[in-house]
Amino acid sequence: MHYWKKGLVILVGSIFIALGINLFLIPYQVLDGGIIGIALILNYLWALKPGLMIIFFSIPVFMIAWFTYREYFYNSLHGMIISSFLIDLLQPLVGFIHIEAIYSSILGGSFVGVGIGLMLRFKTSTGGTDLVAQLLSDKTGINVGILIFIIDSIVVLSGGLLLSTDTLLLSIITIFFVGVTTSLITKNVRAI
């Protein structure tokens, strides 16, 4: 029964992530951090499919995970594949909702945060740069949260330089709400 529950959480979390990206982030060229942010930059610049780009850029991360953090590999592979698939599947929803850009950033960040938070509650994730941050943390002793923040900041700053100041400012708001929402959902998480 635990596997069914985990599978349902991955599906629901992936739907939240895909809706957050397609309904709220893409219409205003807003970024999230990490590999999702890189995929969105490529989508905005060259109309590449974000889900497919997430899978492409996740391959080296998952190869590292296979050799160094096998548990991370198994716990994140399904979340990455399903969320990537749903991001591209639900792309026709882009432009379906029309609200001010700042509210779109808040809602997009909150939706993505709910999706990530739900997965983390059940010891799964979408993979991504979290593993890179964990590896760097193990090598340097720097807190993994600080490293994730640095990686996300580099992605958002790069996207802001390549796209626009509006993208930069709205993306900062989005990342803040992703972090707050994820933190609220994962608060007091124990081994499930």
Side-chain angles (χ1 to χ4, degrees), residues 2-40 43 50-51 53-55 58 72 75-131 133 144-145 148-149 151-153 155-156 159 167 169-192:
H2 176 70
Y3 293 109
W4 285 103
K5 194 179 209 182
K6 198 169 196 171
L8 182 61
V9 166
I10 290 171
L11 180 62
V12 171
S14 295
I15 289 169
F16 268 96
I17 292 168
L19 289 174
I21 288 170
N22 286 305
L23 290 175
F24 303 112
L25 301 186
I26 290 178
Y28 295 100
Q29 291 196 335
V30 178
L31 301 172
D32 187 14
I35 289 179
I36 292 174
I38 294 167
L40 289 174
N43 175 261
M53 291 299 97
I54 291 168
I55 292 171
S58 294
Y72 178 93
N75 285 333
S76 301
L77 185 64
H78 300 96
M80 184 271 296
I81 291 172
I82 293 169
S83 62
S84 297
F85 172 76
L86 287 174
I87 288 167
D88 286 350
L89 181 71
L90 298 179
Q91 203 162 23
L93 295 177
V94 171
F96 185 75
I97 293 177
H98 301 281
I99 57 175
E100 287 186 44
I102 191 164
Y103 301 124
S104 200
S105 295
I106 293 168
L107 286 170
S110 298
F111 268 64
V112 171
V114 166
I116 292 170
L118 285 172
M119 288 189 196
L120 290 174
R121 280 191 74 85
F122 286 83
K123 308 294 184 219
T124 188
S125 74
T126 59
T129 53
D130 297 356
L131 175 67
V144 70
I148 290 170
F149 176 77
I151 292 168
D152 288 351
S153 297
V155 171
V156 169
T167 292
L169 297 175
L170 293 170
S171 300
I172 291 168
I173 293 167
T174 296
I175 288 174
F176 174 78
F177 278 91
V178 169
V180 168
T181 309
T182 301
S183 296
L184 288 172
I185 290 178
T186 58
K187 188 177 180 182
N188 300 327
V189 171
R190 294 190 181 103
I192 296 173

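The figures that follow rest on heavy atoms only: side chains count, while hydrogens, waters and symmetry mates do not.
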I173 vs L169, side-chain contact (heavy atoms from CB on, under 4.5 Å): CA-CA, chis, key distance, verdict: CA-CA 7 Å; I173 293 167; L169 297 175; 5.7 Å; no
Side-chain touch Q91/N43, heavy atoms, less than 4.5 angstrom: yes
Crowding at CD1, I102 (>12 non-hydrogen neighbours, <6.0 Å): no
Minimal non-hydrogen separation, A133 against I148, with atom names: CB-CG1, 3.5 Å
Closest heavy-atom pair and its distance - I185, R121: O-NH1, 2.7 Å
Side-chain touch T124/H78, heavy atoms, less than 4.5 angstrom: no
Residue pair S125 / N75, side-chain heavy-atom distance below 4.5 Å: no
Whether S83 side chain and M80 backbone form a donor-acceptor pair below 3.5 Å: yes
I82 CD1 to L77 CG distance, which is reported to the nearest 0.5 Å: 9.0 Å
Flag side-chain contact, heavy atom, 4.5 Å: S14 against I10: yes
Heavy-atom check, side chain of L86 versus side chain of I17, under 4.5 Å: no
Smallest separation among heavy atoms of L90 and A18, with atom names: CD1-CB, 3.8 Å
Considering all heavy atoms, the nearest P50-I26 contact: CG-CD1, 4.3 Å
Of V30, I99, I106, V112, the residue whose pairing with F24 passes side-chain contact (heavy atoms from CB on, under 4.5 Å): I99
Gap separating the OG1 atom of T126 from the CD1 atom of I81, nearest 0.5 angstrom: 12.0 Å
Gap separating the CD atom of E100 from the CG atom of L107, nearest 0.5 angstrom: 12.0 Å
Validation row: L31, T174 side chains within 4.5 angstrom (heavy atoms): no
Approximate separation, where rounding is to 0.5 Å, of F176 CZ and S171 OG: 15.0 Å
Atom pair CD1 (I36) and OG1 (T129), whose distance is rounded to the nearest 0.5 Å: 9.0 Å
Sidechain-backbone polar pair: N22 side chain, L93 backbone, donor-acceptor under 3.5 Å: no
Heavy-atom closest pair, residues A39 and I54: CB-CG1, 3.6 Å
Spatial distance of atom CD1 (I21) from atom CZ (F16) [nearest 0.5 Å]: 13.5 Å
Heavy-atom donor-acceptor pair, T167 side chain to Q29 backbone, under 3.5 Å: yes
Closest approach of F122 to K6 (non-hydrogen atoms, all atoms of both residues): O-CE, 3.0 Å
